[in-house]
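Written below as structure tokens is the structure these notes are about.
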Amino acid sequence: MSKKFYITTPIYYVNARPHIGHAYTTIACDAVARRQRMLGSDTFFLTGTDEHGQKIERATQGSGKTPQQFADEVSKQFQALWDRMGLTYDDFIRTTSERHKRGVQALWRKIRDNGFIYKGSYSGQYCVFDELYVDAVGPGAPCPECGRPTETVREENYFFKLSAFQDKLLELYTSQPEFIRPETRRNEVISFVRSGLRDLSISRSTFKWGIPVPDDPGHVIYVWMDALSNYITALGYGSEDANKFEKYWPADLQMIGKEIVRFHCVYWPAFLMAAGLPLPKAIVAHGWLLFEENKMSKSRGNIVRVETILEAMGSDALRYFLLREIVFGQDGSFSFDALVQRYNADLANGLGNLASRTLTMISRYFHGEVPYPSGTAARKPADDEIAQAARKTITEYAALVDQYQFSRALESAWSLVAAVNKYIVENEPWTLGEQKDEMSRSRLGTILYTSAEALRIVTALVHAAIPDSTARIWQQLGLGDIRYFALSELKWGQLRLGTRLGSIEPVFPRADKSTIARMQKMEDQQRTGFAAPEEKQPSAVATQAQPSAPAVQTAAPPTPKAAADGKISIDDFAKIELRVGQVKVAERVKGADKLLRLEVDIGSEVRQVVAGIADAYAPEALVGRKVVIVANLAPRKLRGLESNGMIVAASLEGDKPVLCGFLEDVPVGARLK
Ligand code: MSP
């Protein structure tokens, strides 16, 4: 019976389209899954999308789509992209699917029946961006994870007795040191748990986009409890057919980004313990992919699309770059220059060159059949050194990949590539090819056999990392379909004499400056496609109807003391508190054509604002919309209504005001500075 191997990625939020940050985790898992399959393990590789919660509900507001329509579209984009990249997931779970909902509710019931859920009320802060309860801080306090302002939540909730698991969790981390990797993350988790665990609110009752709590549908299950359960619901947990669950759970490897360690290493094992279920064997956290020094993310607007790289350079170029360039566990930077440089150095010049010169010479000098290596006179120490180096690489590569040290593993394989390329140059087979004597021929055969055998070994080792190009090299070596090769049996000397090569063609065409320019252009076009049209008038001002003139008017924000040249200092600017708000209620003001009365949630409170924008915006079009509000303006009365703040809009000469908004999702309450 073959060993089973269950591997999972996090499930991706559908508020953002996939980018190379998401691809990074999925590629790393795909590389592990492919390797396990080649080693003969019965492998199950799961990925999917996380579609519920307040973050997603808010992202869809104003889009004209229901959360379900929105989720359907983005989830499809993830699947289509993973397919285009040839990622070999065995299942794609969506948290809005019936099978998932059923499983989550079954888990809830199990935990409840085991006595770990009780009803209470939560009053505190919540970060919608991270879907994280932030305890023991005041209104408006920043989220400790992302720094965005938290929102105040006061509602009746169900609680999970997380505090009951503090000791058990600490014991888990001690008795299973491999449970969390790398060590830095493990230490962080241990100190977080040691500092004391409070019970966790696991339901929300003030919005609807989630899975109903069993027997109390006024509540939806906390999105992290919903999302984490995907790892077992995809296997059929809670359904009649739990065969896969019996077979594959617990997971052998759950790979995540470092920002979601707490959810996976504290909450997740505690939920499983409460349900009496086995725990995953290992949770491995990688670092962030940075672009222009920041974490690549939709909210920062610095994402790079996978499609651009696929189109210009192919999937293996991206896979190789991400796995080779970034030290797994640490943050690493992406740039088009670095991608092309790495590709040219290691793939085009390194492996590509080794494959093309070796195969071309076998074709030219031996009619395309793998030659016989001499065991006697024509053998030199350099040949044995290559064989030795290859044997060492096989062991080293396996050990490094097993510790998820992808970059070091690839580095080790490429030392072999470099050694063989050097060996070829030093032994000049092309010169021997011109000689007709027996000795030269025998020497030539030995050199080419040695090179081809080393090429075969590298190709087999790195196939899981760069599957497309290695499958082609394998074909060119005349070895058929690489997927059927048993990696556990890989050893020096398996290349059979007389093997007929397949047809030879270049695998890694060189990239150059024009490739970089092309990719940059594609990304720029994409960004500008989403960018705001150029403003006719570059003045962005705040619109609040003035008491004396209720018609649409624009007024500059209160002008702090100007310097002699009319400029203000940064401190002056900092006095103006600009915040992101969300319109909850909008209605016309009786007897005033141009005025709207708005209730705007600014995170810490809901403000009434009277704005002169009725000409430009219908009230129903504003509900749910995010706006910018001058939050520290002295209140004033308009038509008997108190207005507490101004809404910022561009004021176009003789035209209607245009409300200021965001292209990326921003949390309510966020400060503009
Ligand atoms: N939905 C949650 C996870 C729930 S799992 C039960 C979530 N989704 S996410 O889409 O925001 O991020 C998911 C994962 O994508 C991250 O953990 C990380 O693995 C990957 N990445 C997203 N952006 C990334 C980078 N810029 N760099 C590296 N990985 C990134 O969190």
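Order of listing sets the numbers, starting from 1, for every ligand and every atom in it. Below, each value reflects all heavy atoms present in this structure, side chains not excepted, and no hydrogens, waters or symmetry copies. Numbers here simply count residues along the sequence, with the first being 1.
The shortest N/O to N/O separation between Tyr12 and ligand 1 does not fall below 3.5 Å. The shortest N/O to N/O separation between Tyr231 and ligand 1 does not fall below 3.5 Å. Looking at Tyr24 next to ligand 1, no N or O pair under 3.5 Å apart turns up. Polar contact check, Thr25 against ligand 1: a nitrogen or oxygen pair lies under 3.5 Å apart. Residue Leu289 places at least one N or O, backbone or side chain, under 3.5 Å from an N or O of ligand 1. Taking only nitrogen or oxygen atoms, main chain and side chain alike, Gly257 reaches within less than 3.5 Å of ligand 1. Every N/O-N/O distance between Trp224 and ligand 1 stays at or above 3.5 Å. Between Met296 and ligand 1, a contact under 3.5 Å exists for at least one N or O pair.
For the ring pair (Phe, Tyr, Trp, His ring centres under 6.0 Å) criterion with Tyr320, the lone passing option out of Tyr343, Trp414, Phe406 is Trp414.
Between Asp331 and Lys258 the shortest side-chain heavy-atom distance falls below 4.5 Å. Contact check for Phe263 versus Trp268: no side-chain heavy atoms found under the 4.5 Å cut-off. Between His19 and Phe291, every side-chain heavy-atom pair lies at or beyond the 4.5 Å cut-off.
In this structure, Tyr6 and Trp249 have perpendicular ring planes: the angle between them is above 60°, well past the 30° mark.
For the pair Glu259 and ligand 1, a heavy-atom separation below 4.0 Å is found. Proximity of His286 to ligand 1 is established by a heavy-atom distance of less than 4.0 Å. For the pair Ala16 and ligand 1, no heavy-atom separation below 4.0 Å is found.
Annotation for ligand 1: atoms under 4.0 Å from non-hydrogen atoms of Trp288 are 27 (N), 28 (C). Per-residue contacts place Gly287 under 4.0 angstrom from the following atoms of ligand 1 (heavy atoms of the residue considered): 28 (C). Taking a cut-off of under 4.0 Å to the non-hydrogen atoms of Asp50, the atoms of ligand 1 that pass are 1 (N), 2 (C), 4 (C).
Closest protein heavy atom to atom 8 (N) of ligand 1: Tyr13 CD1, 3.2 Å. Atom 3 (C) of ligand 1 has as its closest protein heavy atom Ile11 O, 3.2 Å. The protein heavy atom nearest to atom 30 (C) of ligand 1 is Gly21 O, 3.3 Å. For atom 23 (N) of ligand 1, the closest non-hydrogen atom of the protein is His19 CE1, 3.5 Å. For atom 22 (C) of ligand 1, the closest non-hydrogen atom of the protein is His22 CD2, 3.7 Å.
By the 4.0 Å N-to-carboxylate-O rule, Asp113 lies too far from Arg109 to be salt-bridged with it.
Under 4.0 Å from ligand 1, the heavy atoms of His264 that appear belong solely to its side chain.
Rounding to the nearest 0.5 Å gives a distance of 8.5 Å between NZ of Lys247 and CG of Asn243.
The two residues Gln79 and Tyr89 have their closest heavy-atom pair at O-OH, 3.9 Å.
In this structure, Lys244 fails the cation-pi test against Tyr248, since its NZ or CZ atom is not both closer than 6.0 Å to the six-membered ring centre and inside 45 degrees of the ring normal. Stacking of Arg204 on the aromatic ring of Tyr126 is recorded, both the 6.0 Å distance cut-off and the 45° axial limit being met.
Asp72 and Gln68 share a side-chain donor-acceptor pair at under 3.5 Å. Under the 3.5 Å distance criterion, with hydrogens and angles disregarded, no donor-acceptor pair is assigned to the side chains of Arg94 and Ser97.
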